[in-house]
Amino acid sequence: MELLDFGNGDRHSVNLLDSMASSSSRKNIHADATDDEQEQEEEELEHFDDFTLASSWERFISEIEAVLRVWMSDGPNNLLEKGAVLLEDAGNLYKVKSEMKYAMKSYCMEFYFKTDPDVDAGKLADWNFDLHDLQLCFGVKEFLVIAPQSASGVVLDAPESSKLLSAIAIALSNCSSLWPAFVPVHDPSRKAYIGIQSMGTVFTRRFEADRIGSQVPVKLMHLEGLYELFVSKFAYSTLDLSVHNFKVRCAMKLTFRTLPYDDDNIKDAKISKSGENLTGEMSIGTQWDDDCSWSEWYSAEDPVKGFELIAIWSEKMVESSMEMAELENASPHEAEKWLTSLRLEGSSGNRVGFTSELRLLVDALQMSFEAQFIEDFVSVENPGPDNLKSMVIPPPTVRDRVLKELFIEGIQFSDFANSGHKISRAIKGAPLGSLFAQFCLHSLWFGNCNIRAIAVLWIEFVREVRWCWEESQLLPRMPANGSIDLSTCLINQKLQMLAICIERKCQLSEDYQDCIGSLDQIDSMSEEESVVGDDSFSLQTPSEEFSGKVDRKPEDVDLFNEKKSSDLTRRGSAGIVDSMMLLKSHQSMHAPYTQEAPLMTEDMHEERLKAVEAFGDSFDFSAQLERDILTSDMSAFKAANPGAIFEDFIRWHSPGDWEEDDGPEGSKSSSSSSHDIKKSKDSWPPQGRLSKRMSEHGNLWRKLWNSAPALPASEQKPLLDPNREGEKVLHYLETLQPHELLEQMVCAAFRAAADTLCQTSFGELKQVETEMQQLYLTMASALRALQVNHLSGDSETIEDLRRLTVAFEQVEKLLTLAASLHRKLIQAPRLSREIFNDYHNFYIQTKGKGLTEDIDEKEFNKKQEVRDHEREVLSNMFVPPTANQSWRKVLSMGNLLNGHEPILREIIFSLRDRVSGNHYAARSGSISQQEIETYRMYICGTSNDLRVALSVVSCD
């Protein structure tokens, strides 16, 4: 009788188990027909086996037995030390193998084992996803597989398969081993096996598995027919049981898969009243990442191709086929457990994203060293690399569109501090949203980011910048006030300087027009009304003159009754300085308005350092610029404090150079913390003197004081000449060498791309934040070499930059997946977080933390349990099929989920019985009460593709 008889005459099942049963003991096995003709058995002499005269069949069995004894004696731990291989996607299942020959054929015997063999691998209700195929089919733990070393790896000849299984069964019996053994048979696509296992002295379990490819009987399409198939294997056997008294254990697992996105049949997404997307589907005419930060530059392919849902019914007792029919009509929502996993996009070398364009930008940097001027890359008539002529430059219409987006009117960027990640300032690039950062991002997508396209765009970019300067138009996307941000690249600093020069040039022009007819309209400011730091008194216009009189308190009248108010002209005062008075005039000291320190870019600071000690004295002055700043402050102080002397200026400007005397009646004057002016006047005059360096003969500060005129800041010559500095900026931009431009573009592009990705909403995923922080640190380290300006086309830094793009790609992939999960599972944040955590751990293990090239990914199939309140969210992913999608497959299975039938149905039927009271009973009382699994059937597949595995226990 065949174990698997599906009632289909077209099946070519082989009745192998009858032959196995007849060869279950060694005394019934002799040499094959060919060997019997050549050799005869000799009687054993003194209980010694003469293997020199044994047949090749017996030598083959002996060789198998020797290998088995070694494996049994070693045990799992020693086998691991000897090089056992861990199987992927099979938990902690390991494999060792041994090769042997018989009858001019080579065979390979493999032993599969676990380091924790006590775990029940075949427990019915667990549905362990780490099981090997044979463990799931037959409920075994450790097992053996013997197969020929051929292209197919299976035995195609029925007598050969029977002989192989008999040989390994005899060897296992001689070793007293209970390991099950399997032989693959038939065509590899059928995944067919036969097997045998000794369960002790009286019991033997036999295995058989096969597949019905296309001609599945109608009754086997439904659970009722599958149940009857299982019952038919034992209902008419010699069991001492009535057909109506047994109870079958049944467990079922259904796998559903969301439909792939179809561009021709995109359905409207289910939008809740709050505007949330409940299905994860895209609306008509939209992309999944339309609200992501990178959507301005490219549309990323959704890494999440769909979800798989696994609904599990744990072990239940079934008494009739009617109960199975009811189970088939049950909704998946009634399942005891839901699990889900991702269906991810496969690896692709043509992935569109920042990474692919940054690689091209690095290539452009390497080529930039081949020419001295930017214009050399524009004209193909100039001598240059041969591949330069093949580089495509976009048409003028595309170039004009990019320039229009860059120089769009009305866009001003005021807050650079919060435009990127908090640690992005470690990268010497440009703030996201600034003019140069936007230029770099546009360059990534302009003409495939080749050096010719970049050169053309840069030349036109500089022309637009010059037009803004000549027409006094504010430079867009740049702040027109504040200080120069020296943490950015030099081009960004220059553009910021130019924006400030344009603003000041416009102010000077406006002030010149406004000053006409307003020379005598400014009121004076009294002592009582003025306070230090009052912002209501800003720098006066160039023609403004402060002609008011200084109010005095009554007690000061006796000191100045001889003077007229017109002699005390005070100009450019910002307010009195608390408790400080002038040494000679006994008036309160006023703090003057002073000019702002001149703005300088990084290269200007370097020039200042080279001009140190220009005056040849002991002070660290920076040539003319430092002298101009100091003279300006002195002139403003004189104008705000008529009658002041050099010592007064030192007390205000450089308190450290005024030394106080410590006397019994001495008091603190210039450095007093008291806010009582009267007390300061009562302790007049202050006891102190200039420091040694300020009192030296020929001191530079005193020389400047003597020559400085009394002019308020509003009447002084500006320290920053906007016209001169603006032209210097334009000269720098127009004469910039190609490699200097590309070096700064690489830094700015990496930073701007990372800042753009960082603005994406991906939920509360700490792993993403950690990866982004690490990426910024990696970029800062790798890009630091570009600031040295000593690179060359064959520099190792170029290779470092290419490795940096690999690290960038890893983070970009992770962040894209996080964004996709967040949008699809926005109502189930825990599930989104756990799925991403699983993938992140998997990704780190497969990719590694190093900057290595891309390697092939193994399939990510980690399952995550779905909680009850999350089921509705996942169920909404399975939108009802459209009319065009529904005709593609005829529904023939039950347990539908929103119109979707399972793509895979797995069922395990099991029948357990006690040994006593039936024909399994043994004479030994030690096992008379043992309950064993007498019949087990695993069924896997769909309505038109079925695989069945059956194991039967019999008493020999």
Heavy atoms, side chains only, cut-off 4.5 Å: are [X] and [Y] in contact?
| X | Y | value |
| --- | --- | --- |
| Phe461 | Leu435 | yes |
| Gln767 | Phe836 | yes |
| Tyr732 | Lys728 | no |
| Leu736 | Ile374 | no |
| Glu308 | Leu339 | no |
| Ser368 | Ile451 | yes |
| Arg802 | Arg359 | no |

Using every non-hydrogen atom in the two residues, find where [X] and [Y] come nearest and quote the distance to one decimal.
| X | Y | result |
| --- | --- | --- |
| Ser434 | Pro431 | OG-O, 2.6 Å |
| Thr760 | Ser293 | OG1-OG, 2.7 Å |
| Trp445 | Gly353 | CH2-O, 3.5 Å |
| Gly429 | Asn492 | O-CB, 4.4 Å |

Do you know which of Gln810, Lys813, Glu812 makes side chain to side chain donor-acceptor pair (under 3.5 Å) with Thr355? Glu812
Flag, side chain of [X] to backbone of [Y], donor-acceptor distance under 3.5 Å:
| X | Y | answer |
| --- | --- | --- |
| Ser341 | Lys863 | no |
| Arg452 | Met391 | yes |
| Arg823 | Ser761 | yes |
| Thr340 | Leu309 | no |
| Ser875 | Arg871 | no |
| Arg343 | Asn861 | no |
| Thr770 | Lys766 | yes |
| Lys428 | Leu486 | yes |
| Ser781 | Leu777 | no |
| Gln496 | Ser483 | yes |

Distance-only polar pair, side chains of Thr115 and Asn92, donor-acceptor under 3.5 Å: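 On atom types as modelled, these side chains qualify, holding a pair under 3.5 Å.
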Decide salt bridge (Lys or Arg N to Asp or Glu O under 4.0 Å) for Asp755 and Arg751; before the verdict, give the C-alpha distance in whole Å, the side-chain angles of both, and the deciding distance to 0.1 Å. CA-CA 6 Å; Asp755 286 343; Arg751 173 176 169 177; 3.8 Å; yes
Applying side chain to side chain donor-acceptor pair (under 3.5 Å) to Asp289 and Ser295, what does each step give before you reach the verdict? CA-CA 6 Å; Asp289 59 348; Ser295 60; over 6 Å; no
I need the full list of salt bridge (Lys or Arg N to Asp or Glu O under 4.0 Å) pairs touching residues 830-841, with sequence neighbours left out, sorted by first then second residue.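 Applying salt bridge (Lys or Arg N to Asp or Glu O under 4.0 Å) to every pair that reaches into residues 830-841, excluding sequence neighbours, yields Arg830-Glu870, Asp838-Lys862.
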[Y] ring center within less than 6.0 Å of [X] ring center:
| X | Y | answer |
| --- | --- | --- |
| Phe762 | His822 | no |
| Phe842 | Tyr839 | yes |
| Phe354 | Trp294 | no |

Asp603/Lys494 ion pair, N-O < 4.0 Å: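 The answer is yes: the pair qualifies as a salt bridge.
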Hey, could you give me the CG/CG distance between Leu87 and Leu93, rounded to the nearest 0.5 Å?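 It is 5.0 Å, given to the nearest 0.5 Å.
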Centre of Trp288's six-membered ring, under 6.0 Å away, within 45 degrees of the axis: is that where NZ or CZ of Lys824 sits? yes
Should Asp485 and Gln493 be marked as a side chain to side chain donor-acceptor pair (under 3.5 Å) after you check the CA-CA gap, both sets of side-chain angles, and the distance that decides it? CA-CA 6 Å; Asp485 188 356; Gln493 297 177 36; over 6 Å; no
Stepwise side chain to side chain donor-acceptor pair (under 3.5 Å) check, Arg425 with Ser487: CA-CA 7 Å; Arg425 293 176 63 87; Ser487 67; 3.0 Å; yes
